[in-house]
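Worksheet for the structure shown next.
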Amino acid sequence: MQPPVIAPSILSADFARLGAEVDAVLAAGADWIHFDVMDNHYVPNLTAGPLVCRALRRHGVTAPIDVHLMVEPVDSLVPEFAAAGATYISFHPEASRHVDRTIRLIRSFGCRPGLVLNPATPLGWLDHSLGTIDLLLLMSVNPGFAGQEFIPAVLDKLTQARRLIDAGGHKVRLEVDGGVKLDNIGAIARAGADTFVAGSAIFGTPDYAATIGALRAALG
Ligand code: DX5
Ligand code: ZN
């Protein structure tokens, strides 16, 4: 298993001070920045686009930016986010008409492709794609909003996904997104995740370094 990654989601940051917020979580020990893109079509909420991603790069952010596209259609935004400095670009397969084409498109721009599965979306989507992606993101809430409760059935799904990744010898990160907190991150890690998105659990606390330190300690 690869070393654990903690990826604060900017969705819970103070958007009026986004550059400073991102600097602060990175200085506090975060590994990646999770960048949630919502279009008010695939999900019932609207956030930020490539302009904001590019602004973070211009601000001086050098850490990996983990772009989570909750948009439909997907392909037209891929070149935009690649040009804006995205490191990973993940999408929900049911939002793309040609999943393999979208994965190849992401890689063609030098970015790392990821697939995102909602809580009720089956692992079967991986049958013919696990060998072509760098990241598998399992949603542990229904996408659209920060601050929702972790859905416990996702623990078993994580274990199954971990088995698929290891059995195939794939170098794919297994990421979890939604409701990750201090009191469940240990169980989530034991279920097989190695990459942890946390929005409200980090940005909702006053001392980011203490929170990220505690999350890391809870990983064991
Ligand atoms: C939900 C987003 C998540 C969200 C996580 O659609 O994809 O990244 O910001 O927020 P928390 O950690 O508060 O559940
Ligand atoms: Zn997300």
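Here, residue 1 is the first one in the sequence, and each next residue gets the next number. Atoms within each ligand, like the ligands themselves, are counted from 1 in listed order. Note that the coordinates shown come from a computational prediction; the quantities given were computed from them, not determined experimentally.
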Under 4.5 Å between any side-chain heavy atoms of Val5 and Phe196, yes or no? no
Heavy atoms, side chains only, cut-off 4.5 Å: are His59 and Asp23 in contact? yes
Atom CZ of Arg58: over 12 foreign heavy atoms under 6.0 Å: no
Give the numbers and elements of all ligand 1 atoms closer than 4.0 Å to a heavy atom of Gly178. 14 (O)
May I ask you to check whether Ala198 has an N/O atom sitting below 3.5 Å from an N/O atom of ligand 1? no
Residue Asp36 atom name (nearest to the Zn ion (ligand 2); N/O/S): OD1
Ligand 1 to Phe145, heavy atom cutoff 4.0 Å, flagged ligand atoms 1 (C), 6 (O)
Nearest-neighbour protein heavy atom for atom 12 (O) of ligand 1, which is reported as residue plus atom name and distance: Gly199 N, 2.7 Å
Compute the ring centroids of Tyr42 and His92, then answer whether they are less than 6.0 Å apart. yes
Short list, please: which atoms of ligand 1 are under 4.0 Å from a heavy atom of Met38? 6 (O)
Quick one, Thr205 with Thr211, criterion side-chain hydrogen bond (donor to acceptor under 3.5 Å, both in side chains). Give me CA distance, side-chain angles, the key distance, then yes/no. CA-CA 7 Å; Thr205 60; Thr211 305; 2.7 Å; yes
Contact (N/O only, under 3.5 Å) between His68 and ligand 1: yes
Any atoms of ligand 1 less than 4.0 Å from a non-hydrogen atom of Met70? List them with their elements. 6 (O), 7 (O)
Can you check whether Ser9 has an N/O within less than 3.5 Å of an N/O in ligand 1? yes
So does Glu149 have more than 12 non-hydrogen atoms from other groups sitting under 6.0 Å from CD? no
Could you identify the single nearest non-hydrogen protein atom to atom 14 (O) of ligand 1 and state the distance to 0.1 Å? Gly179 N, 2.8 Å
Give the intermediate values and the outcome of side-chain hydrogen bond (donor to acceptor under 3.5 Å, both in side chains) for residues Asp75 and Thr102. CA-CA 6 Å; Asp75 289 4; Thr102 303; 2.6 Å; yes
Check: Phe81 ring centroid to Phe109 ring centroid under 6.0 Å: no
If you count the atoms of ligand 1 from 1 in the order shown, which ones are under 4.0 Å from a heavy atom of Ser200? 11 (P), 12 (O), 13 (O)
Answer yes or no: does an N/O atom from Lys181 fall short of 3.5 Å to an N/O atom of ligand 1? no
So the angle subtended at the Zn ion (ligand 2) by His68 atom ND1 and Asp177 atom OD2, rounded to 10 degrees, is 90°
Taking only heavy atoms of Met139 into account, list the atoms of ligand 1 that are under 4.0 Å away from them. 7 (O)
Atom indices of ligand 1 within 4.0 angstrom of Leu11 heavy atoms, with elements: 4 (C), 9 (O)
side-chain contact (heavy atoms from CB on, under 4.5 Å) partner of Phe35, the single match among Asp66, Leu56, Leu11: Leu56
Thr159 side-chain N/O to Ala191 backbone N/O, donor-acceptor pair under 3.5 Å: yes
Relative to the heavy atoms of Pro143, which atoms of ligand 1 are at a distance of less than 4.0 Å? 6 (O)
May I ask you to check if ligand 1 and Gly144 share an N or O to N or O distance below 3.5 Å? yes
Consider only side-chain N and O atoms of His98 and Asp100, and report whether a donor and an acceptor are under 3.5 Å apart. no
Is there any N or O on Gly147 that sits under 3.5 Å from an N or O of ligand 1? yes
Arg107 atom CZ, neighbour heavy-atom count above 12 within 6.0 Å: yes
Give the residue, atom name and distance (to 0.1 Å) of the protein heavy atom nearest atom 5 (C) of ligand 1. Asp177 OD1, 3.5 Å
